[in-house]
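Worksheet for the structure shown next.
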Amino acid sequence: EVQLVESGGGLVQTGGSTRLSCAASGFTFSTYDMSWVRQAPGKGLEWVSSINSGGGSTRYADSVKGRFTISRDNAKNTLYLQMNSPKPEDTGIYYCNAWSGARGYWGQGAQVTVSS
């Protein structure tokens, strides 16, 4: 059974930091590109960041560039998102997404609430 389980986040203050984790199982994690996607209250899905299967290439949305860092540990089948200096507008549910060609998987999401 394929599983992507997000953890971390919660309530964080503006200017603080937090780290999201996404534990993967049931598929060959190291062959999948990974992304973080978020959904703010009352809004649609917004792509945040992506990393390729080997971890050597990363991309970020302009809204988080310079503040968030995506990484992965293929030995631990885990994806991370380090969130530094979060802003209230970063509040939302954060989903991890695995994709390879036409095949993709989603986690259940982790809530991040940034208070000013």
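This structure is a prediction, so every number in the text was calculated from the model and none was measured.
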Please test D62 against K65 for salt bridge (charged side-chain N to carboxylate O under 4.0 Å, His left out), starting from the C-alpha separation and ending with a verdict. CA-CA 5 Å; D62 287 342; K65 196 172 295 182; 3.2 Å; yes
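- Annotation: side chain of L4 is in contact with side chain of M34 (closest heavy-atom distance under 4.5 Å).
- The list of disulfide (SG to SG under 2.5 Å) pairs with a residue in residues 77-116, not counting sequence neighbours, reads C22-C96.
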Can T91 and E89 be said to form a side chain to side chain donor-acceptor pair (under 3.5 Å), step by step? CA-CA 5 Å; T91 294; E89 52 263 44; over 6 Å; no
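- Residues S35 and S50 approach most closely at OG-OG, 2.6 Å, considering heavy atoms.
- With hydrogens and angles ignored, the 3.5 Å screen pairs a side-chain donor or acceptor of N52 with a backbone N or O of S57.
- A continuous path of Ile, Leu, Val, Met, Phe, Trp and Tyr side chains, each step under 4.5 Å between heavy atoms, connects Y60 with V112, placing both in one hydrophobic cluster.
- Of the possible donor and acceptor atoms, none in the side chain of R59 sits under 3.5 Å from a partner among the backbone N and O of V48.
- No more than 12 heavy atoms of other residues, nucleotides or ligands shown are found within 6.0 angstrom of CD on Q13.
- Not a single side chain to side chain donor-acceptor pair (under 3.5 Å) links W106 to another residue, sequence neighbours left out.
- Of all non-hydrogen atoms in I70 and S49, the two that sit nearest each other are CG2-OG, 3.2 Å.
- Between S116 and T14, the shortest heavy-atom contact is CA-OG1, 3.3 Å.
- Residues meeting the ring pair (Phe, Tyr, Trp, His ring centres under 6.0 Å) test with Y32, sequence neighbours left out: F27, Y105.
- Under a 4.5 Å side-chain heavy-atom criterion applied to ILVMFWY residues, the cluster that includes V5 comprises that residue alone.
- Listed by first and then second residue, the disulfide (SG to SG under 2.5 Å) pairs that reach into residues 25-71 come to none, sequence neighbours excluded.
- Note: the hydrophobic cluster containing F68 also contains V114 (ILVMFWY, side chain heavy atoms under 4.5 Å, direct or indirect links).
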Start with the C-alpha distance between D33 and I51, add both sets of side-chain angles, then the distance that settles side chain to side chain contact (heavy atoms under 4.5 Å, CB included), and finish with yes or no. CA-CA 6 Å; D33 296 334; I51 187 168; over 6 Å; no
Derivation and outcome, side chain to side chain contact (heavy atoms under 4.5 Å, CB included), residues E6 and Y95: CA-CA 7 Å; E6 298 95 337; Y95 300 92; 4.0 Å; yes
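- Of all non-hydrogen atoms in S63 and R38, the two that sit nearest each other are OG-NH2, 3.5 Å.
- Taking both residues in full, the closest heavy atoms of W36 and L20 are given as CH2-CB, 3.8 Å, listed atom of the first, atom of the second, then distance.
- For T18, the side-chain contact (heavy atoms from CB on, under 4.5 Å) criterion is met by V12, M83, not counting sequence neighbours.
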